[in-house]
Amino acid sequence: MDVSQAKQEHLLALKVMRLTKPTLFTNMPVTCEDRDLPGDLFVRLMKDDPSTVKGAETLILGEMLTLPQNFGNIFLGETFSSYISVHNDSNQVVKDILVKADLQTSSQRLNLSASNSAVSELKPERCIDDVIHHEVKEIGTHILVCAVSYTTQTGEKLYFRKFFKFQVLKPLDVKTKFYNAESDLSSVTDEVFLEAQIQNITTSPMFMEKVSLEPSMMYNVTELNNVSAGSDSESTFGRMSYLQPLDTRQYLYCLKPKPEFAEKAGVIKGVTVIGKLDIVWKTNLGERGRLQTSQLQRMAPGYGDVRLSLELIPDTVSLEEPFDITCKITNCSERTMDLVLEMCNTRSVHWCGVSGRQLGKLSPSASLSIPLKLLSSVQGLQSISGLRLTDTFLKRTYEYDDIAQVCVVCPYTSPES
């Protein structure tokens with residue numbers, strides 16, 4: 001804006017005010033005992049104070065509301081609202097008034113005006129009012145640019161604008177961690193646990209209305225933040241889900257690949273998109289904020305070229321008595337394999353059957369289920385090991401130890417002894 005434009009007297013006046021909800025009025029109660037020198041003076045003064053609650057004068061919160069005294073803080077995810085008023089301070093009729101409001105961020109410029117059409121005329125002591133709203137989606141410096149153009153009675157076209165600068169702060173600190181699930185049938189499964197740590201970094205408490213995970217097309221999600229009591233389900237954080245300033249809360253979710261993706265071993269490998277968190281909260285007198293994270297990514301566990309897992313295994317077996325298990329072999333590579341299965345005995349586990357068994361050709365992403373029989377010669381919790389797969393095409397060998405664990409008991413004693 002040039003100097004001449006800044007010093008020029010305009011017929012119109014522009015006022016811009018931020019619209020926010022009021023806050024509850026707080027007072028500081030002063031009390032004393034009846035035997036003290038003031039006696040019941042403080043009590044009578046508080047009863048006569050119109051800002052106190054009748055019958056509960058010692059409460060800090062009162063029944064009155066306080067209008068905002070300053071611009072206040074604006075946080076990411078909240079809705080910025082502003083009242084724009086253009087008043088004709090002159091004694092002339094002004095024509096062709098156009099009011100434009102733009103919001104300049106670090107990456108873009110947005111038009112917030114409800115209407116881009118000009119008002120034909122504005123009589124003296126009249127005004128043009130407009131309310132703009134914008135959901136804040138960027139942090140950092142924002143500049144509200146309000147521009148007014150009009151035409152005087154003499155036909156002179158005039159123009160002026162004002163700038164209002166404010167900062168957008170981050171309300172929440174969100175950290176995520178991924179955990180690969182472990183099961184009794186395999187050291188690594190396709191289930192993924194997501195832990196989301198959410199911290200309130202504002203100066204006022206928040207009511208957490210919703211914290212959910214929107215999964216990607218490859219996964220189904222189960223929320224683990226509720227406790228079931230019969231037919232009812234209650235949040236682990238209680239009925240009133242408040243998050244005090246600087247407090248941190250952990251949310252847990254379980255993601256499992258959809259059946260059409262879980263069957264294809266080559267699909268879920270490398271970096272995969274899990275989904276995004278959707279967080280909704282309320283502050284003060286119900287002012288709502290919403291924050292969505294970017295797509296969360298996770299490095300899928302590597303299975304190598306061939307994945308071996310257990311589909312069926314008993315929890316408890318008898319000492320020196322054969323038992324059955326079912327192994328599932330999956331080709332995770334992009335080539336066809338010709339596999340041979342070898343079974344090697346260990347100190348405690350002995351395989352039953354012929355070692356060096358030809359399994360035949362296995363196409364990419366294909367699976368093969370094989371029933372096997374073995375026995376244990378040692379009591380206690382024993383690890384199943386000693387399986388070896390060889391790809392005859394590339395002469396490459398894959399060994400599998402600690403596939404699963406089984407409890408071996410003596411048939412003449414109870415498991416508790």
Side-chain angles (χ1 to χ4, degrees), residues 1-23 66-171 202 283-292:
M1 185 164 55
D2 56 31
V3 178
S4 60
Q5 181 179 333
K7 293 183 178 180
Q8 184 179 8
E9 291 293 334
H10 286 278
L11 305 179
L12 303 181
L14 172 66
K15 292 183 179 181
V16 178
M17 293 174 284
R18 183 192 174 192
L19 298 178
T20 59
K21 291 187 177 181
T23 57
T66 303
L67 295 176
Q69 302 299 311
N70 50 40
F71 189 82
N73 295 324
I74 299 179
F75 294 100
L76 182 70
E78 294 182 343
T79 300
F80 170 72
S81 300
S82 182
Y83 169 71
I84 300 176
S85 178
V86 177
H87 186 267
N88 188 353
D89 291 343
S90 67
N91 55 3
Q92 305 178 24
V93 176
V94 180
K95 298 181 179 180
D96 301 330
I97 306 99
L98 179 62
V99 183
K100 187 178 180 181
D102 292 339
L103 185 63
Q104 178 71 51
T105 68
S106 59
S107 62
Q108 58 183 335
R109 188 182 182 103
L110 303 170
N111 181 20
L112 305 183
S113 301
S115 175
N116 293 322
S117 58
V119 178
S120 58
E121 66 175 20
L122 185 63
K123 296 181 180 180
E125 302 301 327
R126 297 294 180 91
C127 61
I128 300 174
D129 300 322
D130 190 14
V131 177
I132 58 175
H133 303 280
H134 174 67
E135 183 179 350
V136 182
K137 298 181 180 180
E138 296 182 41
I139 60 174
T141 303
H142 287 57
I143 302 176
L144 180 63
V145 183
C146 297
V148 179
S149 61
Y150 61 96
T151 304
T152 63
Q153 286 183 337
T154 59
E156 182 183 5
K157 293 183 178 181
L158 298 177
Y159 169 85
F160 70 93
R161 59 180 178 175
K162 290 186 177 181
F163 301 88
F164 303 90
K165 185 177 180 180
F166 58 91
Q167 294 289 331
V168 175
L169 308 177
K170 186 170 69 169
T202 68
T283 59
N284 291 337
L285 297 181
E287 290 180 289
R288 176 173 293 187
R290 183 181 181 184
L291 185 64
Q292 280 190 332

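Closest heavy-atom contact between Val86 and Leu122: O-CD2, 4.1 Å. Lys165 approaches Ile143 most closely through the heavy-atom pair CG-CG1, 4.2 Å. A pairwise comparison of heavy atoms in Ile132 and Leu112 identifies CG2-O, 3.2 Å as the closest pair. Contact between Leu144 and Ser82 at its shortest, heavy atoms only, is CD2-OG, 4.2 Å. Residues Pro124 and Val93 come closest through the heavy atom pair CD-CG2, 4.1 Å.
Under 3.5 Å, the side chains of His133 and Ser81 contain a donor-acceptor pair of N or O atoms. Defined by atom type and a distance below 3.5 Å, a donor-acceptor pair is present between the side-chain atoms of Gln167 and Thr141.
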Intermediate values then yes/no, side-chain contact (heavy atoms from CB on, under 4.5 Å), Asn111 and Lys100: CA-CA 8 Å; Asn111 181 20; Lys100 187 178 180 181; 4.3 Å; yes

task: For side-chain contact (heavy atoms from CB on, under 4.5 Å), just list the numbers for Thr283 and Glu78, CA-CA rounded to whole Å, side-chain angles, deciding distance to a tenth of an Å, and then say yes or no.
output: CA-CA 10 Å; Thr283 59; Glu78 294 182 343; 4.3 Å; yes

field: Full working for side-chain contact (heavy atoms from CB on, under 4.5 Å) between Val136 and Phe75
entry: CA-CA 8 Å; Val136 182; Phe75 294 100; over 6 Å; no

task: Would you sort out whether Leu11 and Gln92 count as a side-chain contact (heavy atoms from CB on, under 4.5 Å), showing the intermediate values?
output: CA-CA 8 Å; Leu11 305 179; Gln92 305 178 24; 3.7 Å; yes

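The side-chain heavy atoms of Leu12 and Ile97, taken from C-beta on, include a pair separated by under 4.5 Å. For the pair Phe80/Arg18, a side-chain contact is recorded, criterion being any heavy-atom separation below 4.5 Å from C-beta on.
Residues meeting the side chain to side chain donor-acceptor pair (under 3.5 Å) test with His87, sequence neighbours left out: Asp89. Under the side chain to side chain donor-acceptor pair (under 3.5 Å) criterion, Glu125 pairs with no residue at all, not counting sequence neighbours.
By the 30° and 60° cut-offs, the orientation of the rings of Tyr150 relative to His10 is perpendicular.
Summarising the geometry, atom CG belonging to Asp130 is positioned 11.5 Å from atom SG belonging to Cys127; distances are rounded to the nearest 0.5 Å. Between Leu98 atom CG and Ile128 atom CD1 the span is 9.0 Å, to the nearest 0.5 Å. Annotation: the span from His134 atom NE2 to Ile74 atom CD1 amounts to 10.0 Å, rounded to 0.5 Å. Distance check: Asp96 CG to Ser120 OG gives 7.5 Å after rounding to the nearest 0.5 Å. One finds the CG atom of Leu110 at 9.5 Å from the NZ atom of Lys137 (value rounded to the nearest 0.5 Å).
Distance alone, capped at 3.5 Å, is enough to place a donor-acceptor pair between the Asn88 side chain and the Lys123 backbone. A distance-only check finds a donor-acceptor pair linking the side chain of Ser113 to the backbone of Ala101 [under 3.5 Å].
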